[in-house]
Amino acid sequence: MKKRPGLNTVCTHTGEVEDKRFGGAVSPLYMSTAYVFEDIDEKRYPRYFNTPNQQALCRKIAALEHAEDALIFGSGMAAISSALFAFLRKGDHVVFQNTLYGGTINLVREEFEKFGIEYSFTEGFAPEDFEREIRPETKVIYIETPSNPLLTITDIRAISAMAKKHNLVSMIDNTFASPVNQNPIDLGIDIVLHSATKYLGGHSDILAGAVASNSEYIDRIFQLAKNFGGSLSDYTVWLLERSIKTLGVRVKAQNKNAKKMAKFLAKHSDVEKVYYPGLKSHPDHELAKSQMRGFGGMLSFELKDGLDVSEFQKSLKLIKPVMSLAGVESTILSPTLTSHALLTPEEREKQGIKDGLIRFSLGIEDVKDLMEDIDQAIENVKSKVEVVS
Ligand SMILES: *Cc1c(COP(=O)(O)O)cnc(C)c1O
């Protein structure tokens with residue numbers, strides 16, 4: 001096998017549309033939605049995922065995920081729904097990990113019944129929890145690791161092996177790890193999904209999704225996706241290609257910041273608990289080490305009892321309390337108030353999501369400035385508590 005170029009080389013160069021006319025250093029952008037069809041093998045049309053820029057970006061994402069092929073979509077949910085519906089039909093059953101991105105849970109709960117597709121959510125994250133849910137009708141097994149928001153780790157190798165044993169298609173949402181930290185196809189997973197809105201885009205200004213897999217599965221997803229019509233506009237495709245050039249550099253900086261921040265928060269007298277798979281104290285630390293190259297830029301923490309989360313959020317000066325994640329700027333979010341607001345308090349409790357939990361997406365800023373921001377916000381919350389009491 002030909003040796004694979006290094007990650008940052010793939011990010012910078014793989015795929016590229018060659019500018020044969022002017023010799024420009026970056027891919028030219030082709031915005032055409034109409035292409036000649038005579039004497040041409042490939043009938044190009046953006047909804048068929050085959051414009052020059054779409055194909056270039058697919059090559060780059062496939063290379064990043066060590067996959068044969070890839071498809072780019074208008075959103076992460078378009079990628080996820082297309083992949084699922086390509087492999088599921090009336091009467092089929094799918095096993096989902098119990099903790100998933102909220103939008104994926106909504107897709108399952110609001111749409112699957114209409115199509116007669118059965119599903120189960122596992123009790124826990126252990127391989128036995130998945131195996132217990134498998135039925136004769138099961139076709140797909142679906143995981144997301146590290147999980148949102150508690151960064152629990154699912155054993156990718158064990159789930160892949162189980163899928164093979166039972167003849168199931170295995171899918172993973174690899175958004176949180178990004179291909180910089182985790183390549184599930186190397187661990188036996190069939191289909192890798194991404195919200196490219198997050199790390200692949202990385203600047204909080206692109207909505208996109210991606211699927212990477214073998215050529216046969218990508219073709220199967222394509223056959224459905226061209227009918228569902230979830231393609232991404234070529235302008236955004238071009239921007240995403242540009243963004244991915246710095247993916248390796250960005251995510252490695254975010255990994256570093258997250259690790260330093262996790263250690264800082266773990267020692268902090270006003271912090272109750274920190275969830276970060278890179279900490280030795282994390283229950284899945286060893287498992288994370290066995291399947292991830294870096295531990296990612298996401299962590300969660302709880303303030304000590306009595307410290308008000310909304311007051312804390314309002315007191316931050318540098319870190320932005322916003323929905324979404326994975327931008328070069330640091331952001332935080334309260335799962336109870338946002339991403340997990342649709343769950344009942346009992347469901348949140350069952351997943352271990354306390355109302356005081358804060359999800360933290362580390363950016364690329366100087367980490368000491370972020371630490372200072374946390375400190376001053378906590379001091380501000382404490383001063384208010386004292387005034388009231
Ligand atoms: C954001 C996100 C999605 C959905 O992606 P969109 O681009 O918003 O459609 C799916 N999975 C995870 C883990 C996410 O964070």
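Both counts, for ligands and for their atoms, begin at 1 and track the order of listing.
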Asker: Which residue holds the protein heavy atom closest to atom 9 (O) of ligand 1, what is that atom called, and what is the gap in Å?
Answerer: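 Nearest protein contact, heavy atoms only, for atom 9 (O) of ligand 1 is M77 N, 2.8 Å.
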Asker: Would you mind running through ligand 1 and noting each atom that sits below 4.0 Å from a heavy atom of I80?
Answerer: 10 (C)
Asker: Should the ring pair F85 and F228 be called parallel, tilted or perpendicular, given that the plane angle runs from 0 to 90° and is split at 30 and 60?
Answerer: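 F85 vs F228 ring planes: tilted.
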Asker: Considering only the protein, which heavy-atom contact is closest to atom 5 (O) of ligand 1, and what is its distance?
Answerer: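 Closest protein heavy atom to atom 5 (O) of ligand 1: S195 OG, 2.9 Å.
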Asker: Is the shortest N/O to N/O distance between K198 and ligand 1 below 3.5 Å?
Answerer: yes
Asker: Starting from atom 11 (N) of ligand 1, find the nearest protein heavy-atom neighbour and note its residue, name and distance.
Answerer: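 For atom 11 (N) of ligand 1, the nearest protein heavy atom is D173 OD2, 2.6 Å.
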Asker: For T338 and S334, indicate whether the former's side chain and the latter's backbone hold a donor-acceptor pair under 3.5 Å.
Answerer: yes
Asker: If the plane angle is over 60° it's perpendicular, under 30° parallel, otherwise tilted; pick one for F96 and F112.
Answerer: tilted
Asker: Could you tell me whether E347 atom CD has more than 12 heavy atoms of other residues or ligands within 6.0 Å of it?
Answerer: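 Yes, because the 6.0 Å sphere around CD of E347 holds more than 12 heavy atoms from other groups.
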Asker: Heavy-atom distances under 4.0 Å decide this one: backbone, side chain, both or neither, for L207 against ligand 1?
Answerer: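 Answer for L207: side chain.
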Asker: May I ask you to check whether Q54 and D234 show a side-chain donor-acceptor distance below 3.5 Å?
Answerer: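 D234 and Q54 do not have a side-chain donor-acceptor pair below 3.5 Å.
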Asker: Any luck finding a side-chain donor-acceptor pair between S330 and E365 under 3.5 Å?
Answerer: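 The criterion, which ignores hydrogens and geometry beyond distance, is satisfied for E365 and S330.
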Asker: As an exercise, identify every atom of ligand 1 less than 4.0 angstrom from a heavy atom of S75.
Answerer: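 By the 4.0 Å cutoff, the relevant atoms are 7 (O), 9 (O).
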Asker: Any idea which protein heavy atom is nearest atom 10 (C) of ligand 1, and the distance to it?
Answerer: Y101 CD2, 3.3 Å
Asker: Calculate, to the nearest 0.5 Å, the distance between atoms CG and OG belonging to L325 and S204 respectively.
Answerer: 8.5 Å
Asker: Looking at F312, I'd like to know if the NZ or CZ of K384 sits under 6.0 Å from its six-membered ring centre while staying within 45 degrees of the ring's axis.
Answerer: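 No, K384 and F312 do not form such a contact.
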Asker: Taking 4.0 angstrom as the limit and counting only heavy atoms of T197, give me the atoms of ligand 1 inside it, by number and element.
Answerer: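 Answer, ordered by atom number: 6 (P), 7 (O).
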Asker: Heavy atom of A196 under 4.0 Å from ligand 1?
Answerer: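 No; A196 lies far enough from ligand 1 that no heavy-atom distance drops under 4.0 Å.
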Asker: Could you identify the single nearest non-hydrogen protein atom to atom 6 (P) of ligand 1 and state the distance to 0.1 Å?
Answerer: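 It is G76 N, 3.4 Å.
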Asker: Of the non-hydrogen atoms in T122 and N98, which two are nearest, and what is the gap between them?
Answerer: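 So the minimum-distance heavy-atom pair works out to O-CB, 2.8 Å.
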Asker: For ligand 1, note which part of S324 has a heavy atom under 4.0 Å away: side chain, backbone, both or neither.
Answerer: neither
Asker: At a 4.0 Å threshold, what atoms of ligand 1 neighbour a non-hydrogen atom of A208?
Answerer: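 Checking each atom against A208, I get 7 (O).
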Asker: Is the contact between L193 and ligand 1 made by the side chain, the backbone, both, or neither, using heavy atoms and a 4.0 Å cut-off?
Answerer: neither
